[in-house]
Amino acid sequence: MKKKPRCDSTKVTLHRQSEIATMNYTHLSLSERYQIYALKGAKHSIKFISDKLNRSPTTISREIRRNKSQRGYRAQFANEQATAWRAKNAFTIAIDVWVKVKLKEYWSPEQIAGVHGGISHMSIYRYLWTDKRQGGTLWQYLRRKAKPYR
């Protein structure tokens, strides 16, 4: 197989954070996790599993790597791990109110995340970008008003 030559004229597409935040994807379901478990137990390759589930091989390999138990990949354990991870990163009403108060005091998302500890600064930024797309004004309390750096 002939390799493509590398050259400096290769186009590179850069995505803004707001574009990345609007990507559509679906989480793996419990039935898909059981299929991964069964196909992996039958010694099928990640490529074969991804083709059967109509998913990216990267998605399957990440799922297997992230959700291993001591006895290997188990579907129920993986589903519990994923559910716990989503619940941990969810904005509760108390966090929502606290973040809004701190933003109105002109705290940066990094400062808020550092003091709170229960939420990441990227979750706060995603929350702000979603709010902005829905016509909200919370983004105006950011120091840089979500303008790109130069």
Side-chain angles (χ1 to χ4, degrees), residues 1-6 10-105 107-136 138-139 141-142 144 146 148-149:
M1 181 183 228
K2 192 174 181 181
K3 288 186 176 181
K4 275 182 143 178
R6 297 183 110 195
T10 305
K11 286 187 177 179
V12 177
T13 305
L14 298 175
H15 298 285
R16 292 189 315 236
Q17 286 293 331
S18 60
E19 291 171 348
I20 293 171
T22 60
M23 289 174 36
N24 293 327
Y25 65 94
T26 56
H27 295 284
L28 289 170
S29 65
L30 182 58
S31 63
E32 287 176 314
R33 288 190 170 99
Y34 275 115
Q35 289 175 334
I36 292 170
Y37 171 71
L39 293 170
K40 189 167 172 11
K43 306 286 188 211
H44 289 290
S45 69
I46 289 176
K47 176 75 173 122
F48 179 83
I49 296 170
S50 67
D51 289 342
K52 289 293 178 193
L53 296 178
N54 198 23
R55 295 282 190 158
S56 166
T58 308
T59 301
I60 305 302
S61 64
R62 252 192 233 129
E63 171 71 12
I64 293 169
R65 186 186 62 218
R66 287 179 180 165
N67 296 313
K68 279 186 182 174
S69 67
Q70 290 181 338
R71 296 180 356 189
Y73 183 81
R74 299 279 189 257
Q76 188 63 41
F77 176 79
N79 200 55
E80 289 167 5
Q81 291 287 98
T83 304
W85 180 255
R86 282 194 299 269
K88 178 183 166 198
N89 287 329
F91 253 71
T92 62
I93 294 172
I95 293 173
D96 180 30
V97 171
W98 192 77
V99 166
K100 285 179 182 176
V101 168
K102 294 304 175 188
L103 281 169
K104 290 178 181 177
E105 292 175 6
W107 283 33
S108 71
E110 288 82 1
Q111 287 174 316
I112 296 169
V115 171
H116 190 273
I119 193 158
S120 73
H121 68 283
M122 284 308 298
S123 295
I124 297 171
Y125 278 117
R126 274 193 302 271
Y127 174 69
L128 292 172
W129 293 323
T130 303
D131 182 63
K132 183 178 179 180
R133 276 194 306 275
Q134 293 172 350
L138 285 177
W139 63 275
Y141 292 102
L142 289 172
R144 298 188 62 85
Y149 290 95

Practice task
Verify side chain to side chain donor-acceptor pair (under 3.5 Å) between Ser61 and Thr58, making sure each step is shown before the conclusion.
Solution key: CA-CA 5 Å; Ser61 64; Thr58 308; 5.3 Å; no
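- Taking 4.5 Å as the limit, every side-chain heavy atom of Val99 sits out of range of all side-chain heavy atoms of Trp107.
- Atom NZ of Lys102 has more than 12 neighbouring heavy atoms from other residues, nucleotides or ligands inside a 6.0 Å radius.
- Residues in residues 46-70 take part in these ring pair (Phe, Tyr, Trp, His ring centres under 6.0 Å) pairs, two or more places apart or across chains: His44-Phe48.
- No donor-acceptor distance shorter than 3.5 angstrom exists from the side chain of Thr59 to the backbone of Arg55, with no hydrogens or angles considered.
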Exercise for the section: Output, in order, the C-alpha distance, side-chain angles, deciding distance and verdict of side chain to side chain contact (heavy atoms under 4.5 Å, CB included) for Leu128 and Leu103. Expected result: CA-CA 10 Å; Leu128 292 172; Leu103 281 169; 3.4 Å; yes
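- The OG1 atom of Thr83 sits 9.5 Å away from atom NE2 of His27, with the distance rounded to the nearest 0.5 Å.
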Extract all donor-acceptor atom pairs below 3.5 Å that involve side chains of residues 67-77 and protein atoms in other chains or at least two apart in sequence.
{"from": "Asn67", "atom 1": "ND2", "to": "Glu63", "atom 2": "O", "distance (Å)": "3.4"}
{"from": "Asn67", "atom 1": "ND2", "to": "Glu63", "atom 2": "OE1", "distance (Å)": "3.1"}
{"from": "Asn67", "atom 1": "ND2", "to": "Glu63", "atom 2": "OE2", "distance (Å)": "3.2"}
{"from": "Ser69", "atom 1": "OG", "to": "Arg71", "atom 2": "N", "distance (Å)": "3.3"}
{"from": "Ser69", "atom 1": "OG", "to": "Gly72", "atom 2": "O", "distance (Å)": "2.8"}
{"from": "Tyr73", "atom 1": "OH", "to": "Glu63", "atom 2": "OE2", "distance (Å)": "2.8"}
{"from": "Gln76", "atom 1": "OE1", "to": "Tyr34", "atom 2": "OH", "distance (Å)": "3.3"}

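- The closest donor-acceptor contact from the side chain of Glu32 to the backbone of Ser29 lies under 3.5 Å.
- Proximity of a side-chain donor or acceptor of Ser50 to a complementary backbone N or O of Ile46 within less than 3.5 Å is detected.
- Distance check: Lys100 NZ to Glu105 CD gives 15.0 Å after rounding to the nearest 0.5 Å.
- In this view, Glu110 and Tyr125 satisfy the side-chain hydrogen bond (donor to acceptor under 3.5 Å, both in side chains) rule, not counting sequence neighbours.
- Here Tyr37 pairs with nothing under the side-chain hydrogen bond (donor to acceptor under 3.5 Å, both in side chains) rule; sequence neighbours left out.
- Lys47 pairs by the salt bridge (charged side-chain N to carboxylate O under 4.0 Å, His left out) definition with Asp51, not counting sequence neighbours.
- With sequence neighbours excluded, the residues that form a ring-ring contact (aromatic ring centres under 6.0 Å, His included) with Tyr141 are Tyr106.
- Counting heavy atoms from C-beta on, the side chains of Leu138 and Tyr127 come closer than 4.5 Å.
- If you take CD1 on Ile124 and CE on Met122, they are separated by 10.5 Å, rounding to the nearest 0.5 Å.
- Remark: Asn79 CG to Leu28 CG distance equals 9.5 Å, nearest 0.5 Å.
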